[in-house]
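Both counts, for ligands and for their atoms, begin at 1 and track the order of listing. Numbering of residues begins at 1 and proceeds along the displayed sequence.
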Amino acid sequence: MVKKKTILDFYEMKRRKDKVAWITAYDFPTASFAEQAGMDMILVGDSLGMVVLGYDGTIPVTMDDCISHCQAVRRGAPNTYVIGDMPFGSYQTSNEDAVKNACRFLKEADVDAIKLEGGRRVMDKIKSISEAGIVVFGHIGLTPQSSGQLGGFKAQGRTVDSARELIKDAIAVEEAGALALLLEAVPPEVSEFISKRLTIPVYSIGAGLPCDGQLIICGDMLGQFQAFTPKFVKRYANVADVIINAFKEYIDDVKNERFPDDGHVYNIKDSMEEFEVLFKEFE
Ligand SMILES: Nc1nc(=O)c2c([nH]1)NC[C@@H]1CN(c3ccc(C(=O)N[C@@H](CCC(=O)O)C(=O)O)cc3)CN21
Ligand SMILES: CC(C)C(=O)C(=O)O
Ligand SMILES: [Mg+2]
């Protein structure tokens, strides 16, 4: 059993240029598979709203949804670094709400860190949660919770003007006390500059190779999520096909009485003659 990592291990990995591999997971089995595979960390993303609850965005996801899924993930991956993603409305309202809800993730779901979206505009939230002693991951670039303001799920930092805003946000996140930063959907030229400019580890989901590690949504890499596929997704399996084919085979077996066969039923423990006597009694 590999020892559970701490934030210090991730700083050491950045220094040694060892890349951090992480995925999202929302349930017990996926978390357990991730831990068995040796994943460095797991994000319980509010993307759970889209990937496992079927919403078309992350806005409806609640604190209770996140806590419940974090608990399942922690049970499945007791020795892996787990990050809880703060859902829309759980930190925007006030510093007090932000700290209170961040504390819930630690107290109720035993996560190692929390993540929240935004740069300069959430500096006070990052600072308040950090001052409570909690490890904060920042998240800038394509921030799905503010996709309304961005005009949709759009890559960021592709123009000099947009990159300037992104760099200011990255610096602000570090200054506010975040101990890691996630860049989503940002050109590698910009993420390389940010990774070098900051002291804290900078991770990528769709931000290219220059970052200190990579994140991908489990449902995307496994071919489980069908609504759309972001450009940055590499598919490693096609679970949808595997599941649909298994379901079709099962339906066919049931309709044609090939299932259940002798191997999938229980044997009687008295003679058939005795059972026939019993059945006669009730005819
Ligand atoms: N399953 C899933 N995967 C994700 O990566 C993901 C979620 N859900 N939910 C929350 C956000 C939304 N994300 C998205 C969604 C769409 C694109 C996308 O389709 N982008 C287009 C156009 C980008 C643009 O116009 O700049 C692309 O071609 O990549 C990217 C990231 C990332 N996150
Ligand atoms: C898209 C990633 C970065 C995320 O925040 C999530 O999975 O919720
Ligand atoms: Mg999220």
Side-chain angles (χ1 to χ4, degrees), residues 20-27 30-31 34 39 41-63 65-67 69-70 73 82-92 101-102 105 111 113-119 122 136-159 162-163 166 173 178 180-188 190-191 201-208 211 213-237 239-240:
V20 170
W22 48 318
I23 57 155
T24 65
Y26 317 106
D27 58 33
T30 310
M39 204 66 70
M41 44 180 153
I42 296 174
L43 171 70
V44 185
D46 63 340
S47 54
L48 73 89
M50 302 175 74
V51 179
V52 301
L53 300 180
Y55 296 127
D56 60 8
T58 57
I59 301 299
V61 175
T62 66
M63 269 303 293
D65 291 332
C66 289
I67 295 291
H69 286 275
C70 280
V73 165
V82 172
I83 301 131
D85 203 10
M86 297 193 71
F88 182 67
S90 71
Y91 58 93
Q92 289 87 346
N101 284 316
F105 274 96
V111 303
I114 61 87
K115 177 172 85 56
L116 56 79
E117 295 182 8
V122 293
V136 178
F137 279 47
H139 174 181
I140 62 170
L142 193 175
T143 44
Q145 291 174 17
S146 47
S147 59
Q149 286 182 339
L150 302 177
F153 295 140
K154 295 268 191 285
Q156 302 294 306
R158 300 176 72 178
T159 64
S162 168
L166 210 56
V173 166
L181 174 64
L182 178 66
L183 295 179
E184 176 166 354
V186 170
V190 178
S191 57
V202 176
Y203 301 119
S204 150
I205 176 163
C211 298
Q214 299 294 328
L215 168 66
I216 195 165
I217 306 268
C218 64
D220 291 337
M221 67 110 74
L222 296 177
Q224 195 178 35
F225 181 76
Q226 298 187 301
F228 58 81
T229 307
K231 180 179 165 66
F232 53 71
V233 169
K234 179 174 174 186
R235 184 161 292 185
Y236 290 84
V239 165

What's the shortest heavy-atom distance between Ser204 and Gln214, and which atoms? OG-OE1, 2.7 Å

Those atoms of ligand 2 less than 4.0 Å from some heavy atom in Ile217: 1 (C), 7 (O)

Check Met86 against Ile114 and note the closest heavy-atom contact, atom names and distance. SD-CD1, 3.6 Å

Classify the contact between Asp46 and ligand 2 as side chain, backbone, both or neither, using a heavy-atom distance cut-off of under 4.0 Å. both

Pairwise distance OG1(Thr30) to CD1(Ile23) - rounded to 0.5 angstrom: 7.0 Å

Quick one: which ligand 2 atoms are inside 4.0 Å of a heavy atom on Leu43? 4 (C), 6 (C), 7 (O)

Polar atom proximity, Glu117 to ligand 2 (N or O, under 3.5 Å): no

Donor-acceptor contacts, no H, no angles, side chain residues 223-233, under 3.5 Å, sequence neighbours left out:
none

Dump all N/O pairs between ligand 1 and the protein below 3.5 Å as a table: atom names plus distance, one pair per row.
unit_1   : atom_1 : unit_2 : atom_2 : d
ligand 1 : 1 (N)  : Asp220 : OD1    : 3.0
ligand 1 : 1 (N)  : Asp220 : OD2    : 3.3
ligand 1 : 3 (N)  : Asp220 : OD2    : 2.5
ligand 1 : 5 (O)  : Asp220 : OD2    : 3.4
ligand 1 : 26 (O) : Ala155 : N      : 2.8
ligand 1 : 29 (O) : Lys231 : N      : 2.9

Could you please give the number of protein N/O/S atoms within less than 2.8 Å of the Mg ion (ligand 3)? 2

Could you list the donor-acceptor pairs under 3.5 angstrom formed between side-chain atoms of residues 42-49 and any protein atom two or more places apart in sequence or on another chain?
unit_1 : atom_1 : unit_2 : atom_2 : d
Asp46  : OD2    : Gln145 : NE2    : 2.7
Ser47  : OG     : Tyr26  : OH     : 2.6

Below 3.5 Å, N or O to N or O, backbone or side chain included: is there any such pair between Thr24 and ligand 2? no

So which heavy atom on Cys211 is nearest to which on Val202, and how close? CB-O, 3.2 Å

heavy-atom search around atom 3 (C) of ligand 2 in the protein gives Leu182 CD2, 3.3 Å

For ligand 2, is any non-hydrogen atom under 4.0 Å from Leu48's backbone (N, CA, C, O), its side chain (CB onward), both, or neither? neither

Shortest protein contact, atom 5 (O) of ligand 2 (heavy atom only): Lys115 NZ, 2.9 Å

At a non-hydrogen distance cut-off of under 4.0 Å, which region of Glu184 contacts ligand 2 (side chain, backbone, both, or neither)? side chain

For Thr58, which part has a heavy atom under 4.0 Å from ligand 2: side chain, backbone, both, or neither? neither

Please determine if Tyr26 has a nitrogen or oxygen closer than 3.5 Å to a nitrogen or oxygen of ligand 2. no

Asp85 neighbourhood, listing ligand 2 atoms whose heavy-atom distance to it stays under 4.0 Å: 4 (C), 5 (O), 6 (C), 8 (O)

Within 4.0 Å of some non-hydrogen atom of Ser47, the atoms of ligand 2 are 6 (C), 7 (O), 8 (O)

If you round to the nearest 0.5 Å, how far is CE of Met63 from CG of Asn101? 4.0 Å

Counting from 1 in the order shown, the ligand 2 atoms closer than 4.0 Å to a non-hydrogen atom of His139 are 3 (C), 5 (O)

How close do His139 and Thr143 get, counting heavy atoms only, and between which atoms? O-CG2, 3.5 Å

